[in-house]
Amino acid sequence: EKGRPGMIDSAPFYANCHQRLAHGGLAAFNLLTRTRGAAPALRRIREAFGGDVLALPITEAGNLVVIAGGGLPPARPAHELREAASALKAATGLDLKATVARL
């Protein structure tokens, strides 16, 4: 609760992550929003990765998951995401309907 991220929440860290990704690679960051909020960290990630950043809705626990990288896929319509989630559940049992609804 009182931990500090130090260098892993710095502009150089995020820039290094971006530089080391393979072409088309993605990085995922879990930002905690309870103490100071995630806006400064999200700003640093966006600066390092340019426009290829997707911030998911904040969870009830206060986590903000951010996916960044080169060449994020284009946004898909909500009905396509729901259909894909249903197909995934039928094939694997993994139910992502609530996640898709939050998106």
Side-chain angles (χ1 to χ4, degrees):
E1 179 179 323
K2 295 179 183 178
R4 300 197 178 181
M7 286 301 296
I8 63 171
D9 184 26
S10 67
F13 174 79
Y14 296 123
N16 284 332
C17 289
H18 186 232
Q19 291 171 357
R20 284 167 176 74
L21 280 179
H23 178 70
L26 297 174
F29 305 100
N30 182 24
L31 307 176
L32 300 177
T33 62
R34 283 189 225 134
T35 54
R36 296 185 187 142
L42 184 56
R43 185 175 53 253
R44 287 187 285 275
I45 293 169
R46 285 191 169 127
E47 288 171 4
F49 286 86
D52 292 331
V53 175
L54 173 65
L56 300 177
I58 296 173
T59 67
E60 289 180 23
N63 295 50
L64 172 64
V65 174
V66 178
I67 302 169
L72 289 177
R76 294 174 62 185
H79 73 277
E80 285 184 19
L81 293 175
R82 286 190 295 272
E83 290 169 7
S86 293
L88 184 64
K89 183 178 180 185
T92 67
L94 179 62
D95 189 357
L96 296 177
K97 289 180 192 172
T99 301
V100 169
R102 287 195 327 259
L103 293 174

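With Leu81 as reference, Val100 is the one residue of Leu96, Thr99, Val100 to meet the side-chain contact (heavy atoms from CB on, under 4.5 Å) rule. Only one option out of Ile58, Asn30, Leu32 pairs with Leu64 in a side-chain contact (heavy atoms from CB on, under 4.5 Å); it is Ile58.
Among all heavy-atom pairs drawn from Lys97 and Ala85, the shortest one is N-CB, 4.5 Å. When all heavy atoms are compared, the tightest approach of Ala15 to Ala48 is N-CB, 3.7 Å. Annotation for Leu21 and Ala27: closest pair CD1-N, 4.2 Å, computed over non-hydrogen atoms.
Residues Ile67 and Phe29 form no side-chain contact, since every pair of their non-hydrogen atoms from C-beta on lies 4.5 Å or further apart. A heavy-atom distance below 4.5 Å is found between the side chains of Gln19 and Asn16. A heavy-atom distance below 4.5 Å is not found between the side chains of Leu56 and Val66. With contacts defined as side-chain heavy-atom distances shorter than 4.5 Å, the pair Val53/Leu42 qualifies.
Not counting sequence neighbours, Phe13 has no partner by the ring-ring contact (aromatic ring centres under 6.0 Å, His included) test.
A distance of 9.0 Å separates CG in Asn63 from CG in Leu31, rounded to the nearest 0.5 Å. Atom-to-atom distance recorded for Leu26:CG and Leu54:CG is 10.0 Å, nearest 0.5 angstrom. In this structure, Asp9 CG and Ile45 CD1 are separated by 7.0 Å, a value rounded to the nearest 0.5 Å.
Around atom NE2 of His79, more than 12 heavy atoms belonging to other residues, nucleotides or ligands sit under 6.0 Å away.
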